[in-house]
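Note sheet for the following structure.
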Amino acid sequence: MTAGPSVQRPAPILTEDNHTFWEAAREGRLVAQRCGDCGQLRHPPRPMCPACHSLQREVVDLSGTGVVYSYSILHHPQHPAFSYPVIAVLVDLDEGVRMLSNLVDINAGDVHIGMAVELAFAATGDDGAVPVFKPRGSGP
Amino acid sequence: MSSVISRSTAIVGVGQTEFSKAAGRSETQLASEAILAALVDAGLSAGQVDGLVSYTIDPVEETELVRALGIGEIAFSSRVPYGGGGSQGVLLHAGSAVASGAAEVIVAYRAVKARSGARFGRAEVGTRPTSQHSGSTAMQWCTPYGVLTPGAWMSLNATRYMHTYGVTNEDFGRAVVQLRAYSANNPNSHFYGEPITLEDHQTSRWIAEPSLRLFDCCQETDGAVALVITRSDRAADTPSPVVVAAAAGAGLFEEEIASNHYAPDLAVMDGSAAMARRLFRGSGITRADLDVAMIYDAFSPLLLMQLEGLGLCGPGEAKDFVADGQLGPKGSLPCNTNGGLIGEGYIHGMNLTLEAVRQLRGVSVNQVDDARTALVSASRTGVILQCP
């Protein structure tokens, strides 16, 4: 058995512009921001729609399925909050937005670009959770 | 509108401290020493300086610097965002100010204790969503996922680049072997007298797989570099001026400090391409005119990706360009002849400017024959320097 991390995954840093994403994650939801006027979906969230300059913002649930656009297996340097190697991924979600996250429930050597993934959650040190991804169809 | 500075300004002095792993003195002192050396090099005095330019991320306070050096009235000051990617922006800022008449003699400086002080390569969990207005807004999206360093941020782009063009870590290694060969000749460099083989590179430990091994990463370094910039007509009175033929900045769209996670195609450095278009446009200089180039190599993939972004070779062709020895002393475009940030040290990009000036003055330890035109690219900011 490998030693787990000695401190827990750090909680997200909340700002006036990003909090809707992280608050939804605490409730077990994966969301993106949608313009309340022109309907453009965007991530990361921003205060203004770059397409129509609207300040109307909606929060919409995403399916949680997508494919790995890129990845990196992080070995060094190490932080005590994480188990290494950390598998960092950029996931292109089916709805058309990209997110940076981790891939879990997989051996580092099996990660590849284009693999189908689905939503999971990982606990944070403040009893919250952040969205992560696992290979699609890999069980609960 | 062109952002070209067309030969109206010149670098008339350069200065530096020693580059080390433990400077043992403050960044304000390091900056002061480098600036004084640059002023001596230019034959100018501190009292003649009326402008200061640095990076937003630099820890030295302008007020402290002015007091330490005994500088008088400051007419112009500015700071460039985006960390080392903005490093060549100091010449766009200084050149614009000098050309407009806002100031006469501008000092650009960067002082770091990137090894003995705050290390870029240490995994730390910050408590703020950004870092010193340096373009690191990505941190807030990366921190909960353990993506904590510039290398980790950048490596996600590099993996996609490798996937798209069939590039391997060995391809990056060939560039690093050349950089280390240059730095082995450079007494100023961290790796003086320490060339490596491709096998050495391939057996160095993984930092971020499959793109970065230890030897693909720049050296965290303590030290400072300073440049003195003034009008070209005034530069004629100085001992060894180098003309700023063009300066440009671009590519802040959709980019963070060391990555570009949300652009459609991460195999392409859009920021470099946009910067290069502005840099060459209206300059009367073509890529074929370049005798030597300094290309921001915080990590070796950035060197190859930038060669393509800048249009110095075609998409996916950088690995062959490197393998054919084009970066070397006999190549078509000798690159990073000081050893680069990977071989010489990491003064956040400004030591590349220094090496370009040395080449044009004919005093580099890896001197390129008859070097008349030099490119310095920090990806989203860049300059073309020329002999007067």
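Heavy-atom pairs under 4.5 Å with chain A were tallied for B/R205, B/M162, B/R160; the largest tally goes to B/R160. For the options A/S101, A/A11, A/G125, heavy-atom pairs under 4.5 Å to chain B are most numerous at A/S101. By number of non-hydrogen pairs under 4.5 angstrom with chain B, the leading residue of A/L74, A/V97, A/V132 is A/L74. The greatest number of non-hydrogen atom pairs below 4.5 Å with chain B, out of A/G114, A/P12, A/P50, A/P131, is found for A/P131.
At least one side-chain heavy atom of B/Y296 sits under 4.5 Å from a side-chain heavy atom of B/Q306. By the 4.5 Å heavy-atom criterion applied to side chains, B/V112 and B/F19 are not counted as neighbours. Side chains of B/Q140 and A/T15 form a contact here, defined as non-hydrogen atoms less than 4.5 Å apart.
Contacts of A/R9 with chain B are made by side-chain atoms alone, with heavy-atom separations under 4.5 Å and no backbone atom involved. At a 4.5 Å heavy-atom cutoff, the contact between A/H43 and chain B is made by backbone and side-chain atoms alike. If you measure heavy-atom distances from B/L156 to chain A, the contacts under 4.5 Å come from both the backbone and the side chain. At a 4.5 Å heavy-atom cutoff, B/L212 makes no contact with chain A through either its backbone or its side chain. Heavy atoms closer than 4.5 Å to chain B are found in the side chain of A/F21, but not in its backbone.
Listed by sequence position, A/V86, A/A88, A/V89, A/L90 are the residues of residues 85-96 of chain A in contact with chain B, using a 4.5 angstrom heavy-atom cutoff.
For the atom pair OG1 of B/T164 and CD1 of A/I113, the computed distance is 7.0 Å after rounding to the nearest 0.5 Å.
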TODO: Kindly indicate, with the supporting measurements, whether the criterion salt bridge (charged side-chain N to carboxylate O under 4.0 Å, His left out) is fulfilled by B/R110 and B/D58.
DONE: CA-CA 6 Å; B/R110 176 73 172 110; B/D58 191 276; 2.9 Å; yes
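For the salt bridge (charged side-chain N to carboxylate O under 4.0 Å, His left out) condition, the pairs that include at least one residue of residues 58-81 of chain A, sequence neighbours left out, are A/R29-A/D61, A/R34-A/E58.
When each of A/V67, A/V104, A/L30 is tested with A/F133 by the rule side chain to side chain contact (heavy atoms under 4.5 Å, CB included), just one qualifies, namely A/L30.
Residues A/W22 and B/W141 bring their aromatic ring centres within 6.0 Å. Centroid-to-centroid, the aromatic rings of B/H348 and B/F120 come within less than 6.0 Å.
For the pair B/R180 and B/F215, the cation-pi criterion (under 6.0 Å, within 45° of the ring axis) is fulfilled.
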